[in-house]
Amino acid sequence: MPELPEVETVRLGLAKHVIGKKILKVEVLHPRATATKSLAPLSSLVGAKIKGVSRRGKFLWFDLDRPEVLVAHLGMSGQFLISNSVSKKEQAPVRHLRVRIDLGRTELRFIDQRTFGWLAVENTTEGVPTAASHIALDPFDPNFDLEIAIARFSGKRTEIKRALLDQEVISGVGNIYADETLWRSKIHPETRCEKMKPAKIREVILNATKVMKEALAQGGTSFDELYINVNGESGYFERSLAVYGREGESCPKCHSAIRRIRFANRSSHFCPKCQPRPRA
DNA sequence: GGAAATGTTTACCG
DNA sequence: CCGGTAAACATTTC
């Protein structure tokens with residue numbers, strides 16, 4: 001579920017609530033919540049103080065007053081929720097609660113229905129944890145370089161949608177924003193990158209950036225309770241979606257029926273009129 | 001009741 | 001390198 005705008009919404013919420021707090025206790029309630037690559041059990045972080053919350057693409061991490069970081073990936077259904085610590089007795093059971101991190105008056109909870117998300121203790125290289133070291137810069141990164149990104153797309157001999165989803169080409173874009181980006185760009189998802197002019201690729205990247213910025217401003221996209229911010233609130237970008245999840249409904253631009261195709265093992269939504277299939 | 005679908009990532013195979 | 005497929009899993013929808 002969570003793509004860059006959702007992860008960034010979570011990061012902002014976490015930063016507001018956990019920076020400066022010390023980890024007093026860590027309770028792992030599901031074995032898959034700790035990534036196998038974790039250098040140590042999450043409980044080894046007891047005593048560490050949280051100095052900051054960082055993000056690259058869809059990867060999140062907590063910077064600590066020690067070299068290691070606590071890395072998190074939300075997968076399809078991961079959430080962080082901030083709650084006030086209450087005595088064990090008063091706690092209502094929380095569905096899919098995987099990890100509890102005691103920060104004193106605050107408890108940080110990692111909740112994950114499908115358990116594709118994970119946490120890990122990792123080292124960093126130039127401030128970036130191992131898990132995210134192969135991930136390209138996302139368009140919100142101050143060091144993001146548009147020309148380098150264009151070159152990377154141009155070098156891919158594959159379809160534009162696959163490249164958009166490839167986190168080593170550009171990071172942060174997932175299935176929702178890829179479809180929305182291509183609709184805005186009037187490009188069919190199966191258009192080959194090598195057939196696209198650099199100017200068109202530039203337009204695609206800029207549209208991806210724009211659609212994710214707009215989504216961030218609305219707190220991200222929530223279809224259900226599977227994506228909510230650290231306070232348990234939903235995002236409102238769903239109402240702004242032009243094609244994603246709208247198969248059979250009308251294109252906001254031309255009113256043709258939106259189509260859905262299976263593609264790269266997931267659904268792609270597009271307008272057959274605004275985004276005609278490129279001729280081979 | 002069962003199949004198909006769901007926002008991610010990684011691995012494997014041809 | 002590319003692309004298809006599968007896998008990890010729980011839940012909802014058709």
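Chain naming here is simple, since letters A, B, ... match the order of the sequence lines and numbering starts at 1 in each.
Among the nucleotides B:dT6, C:dA10, B:dT10, the one closest to the side chain of A:His134 is B:dT10. Proximity note for A:Glu3 (side chain, C-beta onward) versus C:dC2, B:dT9, B:dG7: the nearest is B:dG7. With distances taken from any side-chain atom of A:Arg95 to the nucleotides C:dT11, B:dA5, B:dT8, the minimum falls on C:dT11. Nearest nucleotide to the side chain of A:Arg192, out of B:dT9, C:dA10, C:dC2: C:dC2.
A:Thr106 and A:Asn84 form no side-chain donor-acceptor contact under 3.5 Å, judged by distance and modelled atom types alone. There is no side-chain donor-acceptor pair under 3.5 Å between A:Glu214 and A:Tyr177. Side chains of A:Thr130 and A:Lys37: no donor on one and acceptor on the other come within 3.5 Å. A donor and an acceptor atom, one from each side chain of A:His96 and A:Asp112, are nowhere located under 3.5 Å apart.
Where A:Arg98 and A:Gly155 meet DNA chain C, the nucleotide closest to each residue was compared, and A:Gly155 sits on the side nearer the 5' end. Nearest-nucleotide positions on DNA chain B for A:Leu165 and A:Gln113 put A:Gln113 closer to the 5' end. Mapping A:Arg162 and A:Arg114 onto DNA chain C by nearest heavy atom places A:Arg162 closer to the 5' end of the strand.
Judged by the 6.0 Å and 45° rule, A:Arg11 forms no cation-pi pair with A:Phe62.
Across every strand in view, C:dA8 sits in a pair with B:dT8 that passes the Watson-Crick or G-U test at under 3.5 angstrom.
Between A:Lys156 and C:dC1 there is no side-chain N or O to OP1 or OP2 distance below 4.0 Å. Taking only side-chain nitrogens and oxygens, A:Arg260 comes nearer than 4.0 Å to OP1 or OP2 of B:dT6. Note on A:His96: a side-chain N or O is less than 4.0 Å away from OP1 or OP2 of C:dT11. Close to B:dT6, at under 4.0 Å from its OP1 or OP2, lies a side-chain N or O of A:Ser267. An OP1 or OP2 oxygen of B:dT6 is reached within less than 4.0 angstrom by a side-chain nitrogen or oxygen of A:Arg262.
Going from atom CZ of A:Arg266 over to atom P of B:dT10 covers 12 Å, rounded to whole Å. Rounded to whole Å, atom P of B:dT8 lies 8 Å from atom NE2 of A:His73. Atom-to-atom, NZ of A:Lys195 to C1' of C:dC2 comes out at 16 Å; the value is rounded to the nearest Å.
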